[in-house]
Amino acid sequence: MISLLAELNAAVSDAFAAEGLDAELGQVQPSDRPDLAQFQCNGALAAAKRVKANPRVLAEKVAARLKASVLFSEVTIAGPGFINLKLTDAELETRLKALAQNPQSGLPVHGVGKRVVLDFGGPNVAKPMHVGHLRSTIIGDCLQRLYRANGWSVTSDVHLGDWGLQMGQLISEIAIRRPDLPYFDAAFTGPYPENSPISMDDLEEIYPAASAACKADPARLDAAREATAELQAGRPGYRALWRHFFNVSETGLTREFGSLGVKFDLWKGESDSYPLIQPMVEDLKARGIAVEDQGALVIFVARPDDKKEIPPLILLKSDGAVLYGTTDLATILDRVREFDPDLILYVVDQRQHEHFEVVFRGAARGAIAGRAELEHIGYGTMNGEDRKPFKTRAGGVMKLYDLINMAQEEADKRLAEQGLAADYSAEERASIAKAVGLAAIKFADLSNHRMSDYIFDLARFTRFEGKTGPYLQYAAVRIQSILRRAKEQGFASSLPVIRSDAERDLALQLLSLPGTLVSAEEKRAPNFLCDYVFQLAQNFSRFYADHHILSETDVALRDARLGLCALTLDTIARVLDLLGIEVPARM
Ligand code: ARG
């Protein structure tokens, strides 16, 4: 079955074509005025410009053809030539029944045969993951779920920051504190100890100290730079120590991502691109793309029509060290060789926009990206009440793990206020509170347009009323409980019917999922999914308020309504799953 919107597009495009107008102008969209129409087509206006005719006259002609179709109960013209459409209930019902029989039908498949690499998360080894990486992780995970749902082959890569100056800072700090360790003895021939001399807790203390020392003292910064260069050049003791940092961090990060419910296909890092850098640089030099500039090796990427100054992509600094842009460029090469993707998406803070602009231009100049389109998916910041990037009370960066605990506690309070999960075991209650806390954080993040900043307000995010994750979980749980009670009473559900305004609105929303999935993907906009599922829950609420379900005495109608409940539940759960939100079995 094709989606309802695609079907309407085809019908209206045909009518345009039959009038000798461009078929592609017959695009249909959900109505801006749901009180007046279900769908609308604005194409007559553009068509009128093209053929220099009166838009209303053209709209009338197209409308006359559409009126002949069995699909529509009403075709009207509004304003300068908008075509408003309403479908007959019989046509809607046929499609609703088909959907209930196979809830997968009509879902987009346009990603089939295409591959996307999604780069998100991006925490840095040795530094604890903090709220700055939270948005990348939540948005990126939603996109990986959405692209998979739309048929794409998706490869997600956490792209750890494991190769930069912070590694040299750590190494040189530990060299001062523990000069006795074999990693610093240039004469040592190995093997190096298997156990790490430092733990995650040590790293969390050592890194800020090292970074502060480098800021305060240029000699310390020089030492850190030198250690970075030596690590990258392969000094065995430094490599062995670095391995420990990596392993210790990976364990910590896996735990944190796991508690968010996020999985990556690849745990690669900047360091994985290292072996590719030398040959890549040689090749770029040989082709005259990379050139010397003030001792450094760069690719000039500025264009005459640039509105602002775009710096060159620096591949090698004068001391031979590689930079963030170098590893990103080599990582593109790595991904293209391994996956030959159609698309690489980078879900990274908008403040890195220029970095990606420069890298993408460098990739284009060097013809490195194969057929892949490269795109930076930026996002704004999560701010505190003071409208500055969110910090803890003590002024530090909030660790993800602490944030999740905070959300769980707040959710637990809310459950108590609502009298929910009251007599469940402590274990079940904790797991519900955790799911609710995560839903609160994720939904709040995803429901804003990703480019906007938002204020972290846990009290608001965890509310069970309004446009929140917990409200939607509760909506799903409530339908689950209706269906459970129906089952206990031996009621069966049957194919849904449309007998009322509330049922029609609910049906229309259910039938518009495929269109929403496509536009959310096209705009890389998780907030479209949030809007959709919130509206669906609202429509269901109205249906539930207006109608008897379990107490309906007309058995056929009762069963059909149960069918509508089941389809709604399936759809809410499906969309919440795309948002990375779980529905508890009960609350
Ligand atoms: N590690 C980086 C940071 O913390 C983010 C990495 C984003 N991905 C990339 N390919 N550059 O800012």
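Just so you know, ligand 1 is whichever comes first in the structure, and atom 1 is the first atom listed for that ligand.
Looking only at side-chain heavy atoms (C-beta outward), K285 and L297 come within less than 4.5 Å of each other.
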Extract all N/O-N/O pairs under 3.5 Å that connect ligand 1 to the protein, and present each with both atom names and the distance rounded to 0.1 Å.
from: ligand 1; atom 1: 1 (N); to: G122; atom 2: O; distance (Å): 2.9
from: ligand 1; atom 1: 1 (N); to: N124; atom 2: OD1; distance (Å): 2.8
from: ligand 1; atom 1: 4 (O); to: G122; atom 2: O; distance (Å): 3.3
from: ligand 1; atom 1: 4 (O); to: N124; atom 2: ND2; distance (Å): 3.0
from: ligand 1; atom 1: 4 (O); to: H133; atom 2: NE2; distance (Å): 3.0
from: ligand 1; atom 1: 8 (N); to: D119; atom 2: OD1; distance (Å): 3.0
from: ligand 1; atom 1: 10 (N); to: D119; atom 2: OD2; distance (Å): 2.8
from: ligand 1; atom 1: 10 (N); to: D328; atom 2: OD1; distance (Å): 2.7
from: ligand 1; atom 1: 11 (N); to: Y324; atom 2: OH; distance (Å): 2.8
from: ligand 1; atom 1: 11 (N); to: D328; atom 2: OD1; distance (Å): 3.3
from: ligand 1; atom 1: 11 (N); to: D328; atom 2: OD2; distance (Å): 2.9
from: ligand 1; atom 1: 12 (O); to: Q352; atom 2: NE2; distance (Å): 2.8

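Partners of Y183 under the ring pair (Phe, Tyr, Trp, His ring centres under 6.0 Å) rule, at least two apart in sequence or in another chain, are Y192, H244.
Salt bridge absent: E409 and K413 never bring a charged side-chain N and a carboxylate O closer than 4.0 Å.
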Task: Chi angles and distances behind the salt bridge (charged side-chain N to carboxylate O under 4.0 Å, His left out) call for D340, R115 - done: CA-CA 8 Å; D340 190 21; R115 182 177 282 277; over 6 Å; no

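How far CG of D119 is from OG of S136: 7.5 Å, rounded to the nearest 0.5 Å.
Among N448, T381, D445, the single residue meeting the side chain to side chain donor-acceptor pair (under 3.5 Å) criterion with Y454 is D445.
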